[in-house]
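Worksheet: the structure to be examined is printed underneath.
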Amino acid sequence: MSSLPLLISTLILSSFYPSYYPSFVDAFDCTFKSTYPLAYLVPYTSTPPPLTGNPDSPIWKNVKSSSPFVDITGNTSLPPRYTTTFKMLYDSTYLYILGHLQEPQIWANQTKDNTVIFQDNDFEVFVDPAGSNAMYKEIEVNALSKVWDLCLNHPYSDTGYENSTRVTIPSYDMLPTTSTSPNWSPLKSAVTALPEGSINDPSKTPSEGWGVEMALPLVGLTYNTTALTPKPKDSWRINFSRVEWRVKVVDGEYVKDPDYPNEDNWVWNPIGVVDMHEPDKWGIIQFGDLDGGQGEVEILGSWGVRETLMNVYYAQKSYYGVNYEYTEDVGVLDAFAPVKGSCLECGVVDVEVEGEDWTAVTTVGGWKGKVNQVRYLEVEKVEG
Ligand SMILES: *[C@@H]1O[C@H](CO)[C@@H](O)[C@H](O)[C@H]1NC(C)=O
Ligand SMILES: *[C@@H]1O[C@H](CO)[C@@H](O)[C@H](O)[C@H]1NC(C)=O
Ligand SMILES: *[C@@H]1O[C@H](CO)[C@@H](O)[C@H](O)[C@H]1NC(C)=O
Ligand SMILES: *[C@@H]1O[C@H](CO)[C@@H](O)[C@H](O)[C@H]1NC(C)=O
Ligand SMILES: *[C@@H]1O[C@H](CO)[C@@H](O)[C@H](O)[C@H]1NC(C)=O
């Protein structure tokens with residue numbers, strides 16, 4: 001999906017409230033529970049999935065399905081027209097993803113990898129293994145199983161740019177053709193149309209939908225981040241999205257419906273704005289035990305420090321929008337967007353500004369963290 005300028009109007013709204021306005025007390029307590037995103041436990045598998053794209057393959061049968069996707073705005077009056085869900089598995093080499101998309105009219109036009117796949121209907125995965133809002137990976141796939149995989153050094157709105165073979169050589173690319181590393185595992189994907197043969201064939205309307213299986217190399221996903229190959233209980237940030245264009249049939253061919261010039265964006269965990277490039281608002285996956293069990297997801301201990309620092313980030317953006325400079329005064333920032341709310345256990349937030357750059361550090365609930373002007377977030381557990 002397309003990137004849009006950062007929208008901060010909703011945050012400016014909060015500047016009409018004094019700090020610690022009572023209605024924020026629950027929302028901004030120390031656990032920051034109300035902003036906790038959707039989470040999914042990824043079971044370990046000792047047998048790789050068949051990678052046919054068929055959602056009915058026996059290996060997926062007992063794996064829990066995600067909740068159905070919702071509109072990206074989170075507006076419940078805009079329910080997606082068709083259901084989308086995913087399932088995931090992992091082993092020591094790959095993160096496996098099954099996307100299941102209900103779709104009466106299956107079509108795809110992009111016939112080459114590393115093209116702008118979201119011009120077609122697609123299934124998209126965003127992965128931020130270190131939860132740092134930096135060096136995150138995006139994979140888009142269409143019904144012909146054509147893949148665009150890219151690495152974003154930062155979100156577009158934070159000076160980020162795409163690194164993929166679409167725009168730059170040498171490039172980040174999970175495919176083996178551009179890598180000299182002997183340990184590289186190629187990205188793989190496969191699509192099954194249900195019923196078979198219904199892609200780009202309006203005479204088969206309505207079709208049931210399509211399934212897509214992807215094997216995403218862990219080496220490629222963790223590339224240039226502090227994250228390592230996942231162990232049980234490790235957590236990553238992840239988001240899924242589906243782009244859906246309205247089409248009609250003209251002379252036996254699907255064409256985009258000119259009455260609907262904009263695509264719909266349906267997502268797992270709603271972002272609130274039409275922009276997937278806010279990694280701090282993505283969902284969370286936790287890797288399961290090596291026995292393959294699917295227990296409950298544990299709440300991230302670092303959530304409090306992450307949310308406090310992201311509140312500082314959004315408050316700085318908002319403050320800059322009005323004052324054309326950043327501030328070191330947390331009390332002033334708090335009036336723009338509540339930073340700590342009622343969290344009395346939050347440590348002191350220290351902000352340092354140097355021209356157009358700033359850094360904020362704090363400690364919450366035994367976790368120390370740091371964020372800067374391009375949203376780059378680092379957290380670590382405080383020893384002892
Ligand atoms: C949600 O969508 C409905 C239907 O389009 C619209 O009327 C309403 O204004 C939207 N609500 C918000 C908060 O945008
Ligand atoms: C893109 O990533 C590749 C490595 O995969 C690197 O060699 C190249 O310098 C990067 N390009 C840019 C513009 O960052
Ligand atoms: C890895 O990331 C750093 C920034 O975090 C960047 O400076 C460097 O160019 C990246 N390396 C490659 C090979 O892309
Ligand atoms: C697919 O490509 C064909 C050939 O360029 C075009 O006529 C058609 O409108 C495209 N379909 C959609 C849905 O974009
Ligand atoms: C992506 O993150 C945004 C922000 O939390 C969320 O609204 C959206 O639902 C997420 N989408 C997915 C696919 O997780």
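Indexing begins at 1, ligand by ligand and atom by atom, following the structure's order. It should be emphasised that the depicted structure is a prediction, and the values quoted were computed from it without experimental measurement. Only heavy atoms go into these numbers, but all of them, side chains included; no hydrogens, no water, no symmetry mates.
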Self-check item: Contact with ligand 4 for E253, non-hydrogen, under 4.0 angstrom
Solution: yes
Practice problem: Under 4.0 Å from a heavy atom of N163: give me the atoms of ligand 2 that qualify, with their elements. | Solution: 1 (C), 2 (O), 3 (C), 8 (C), 10 (C), 11 (N), 12 (C), 14 (O)
Self-check item: Numbering as shown, the atoms of ligand 2 that approach P170 to under 4.0 Å (heavy-atom distance)
Solution: 1 (C), 7 (O), 8 (C)
Self-check item: Minimum heavy-atom distance between M88 and L95, given as atom pair plus value
Solution: SD-CD1, 4.1 Å
Exercise. Say whether W107, considering both its backbone and side-chain N or O atoms, lies within less than 3.5 Å of an N or O atom on ligand 4.
Key: no
Quiz item: Between K256 and ligand 4, is there a nitrogen or oxygen pair with a distance under 3.5 Å?
Solution: no
Do you see a protein non-hydrogen atom under 4.0 Å from [atom]?
atom                    : value
atom 11 (N) of ligand 1 : yes
atom 1 (C) of ligand 4  : yes
atom 7 (O) of ligand 1  : no

Quiz item: Regarding K317 and the six-membered ring of Y326, is the cationic atom NZ or CZ under 6.0 Å from the ring centre and inside 45° of its axis?
Solution: no
Quiz item: So is K87 actually on top of W60's ring, under 6.0 Å and inside 45° of the axis?
Solution: no
Self-check item: Pairwise side-chain contact, W266 with R81, heavy-atom cut-off 4.5 Å (strictly under)
Solution: yes
Practice problem: Go through ligand 1 atom by atom and flag the ones less than 4.0 Å from a non-hydrogen atom of N75. | Solution: 1 (C), 2 (O), 3 (C), 8 (C), 10 (C), 11 (N), 12 (C), 14 (O)
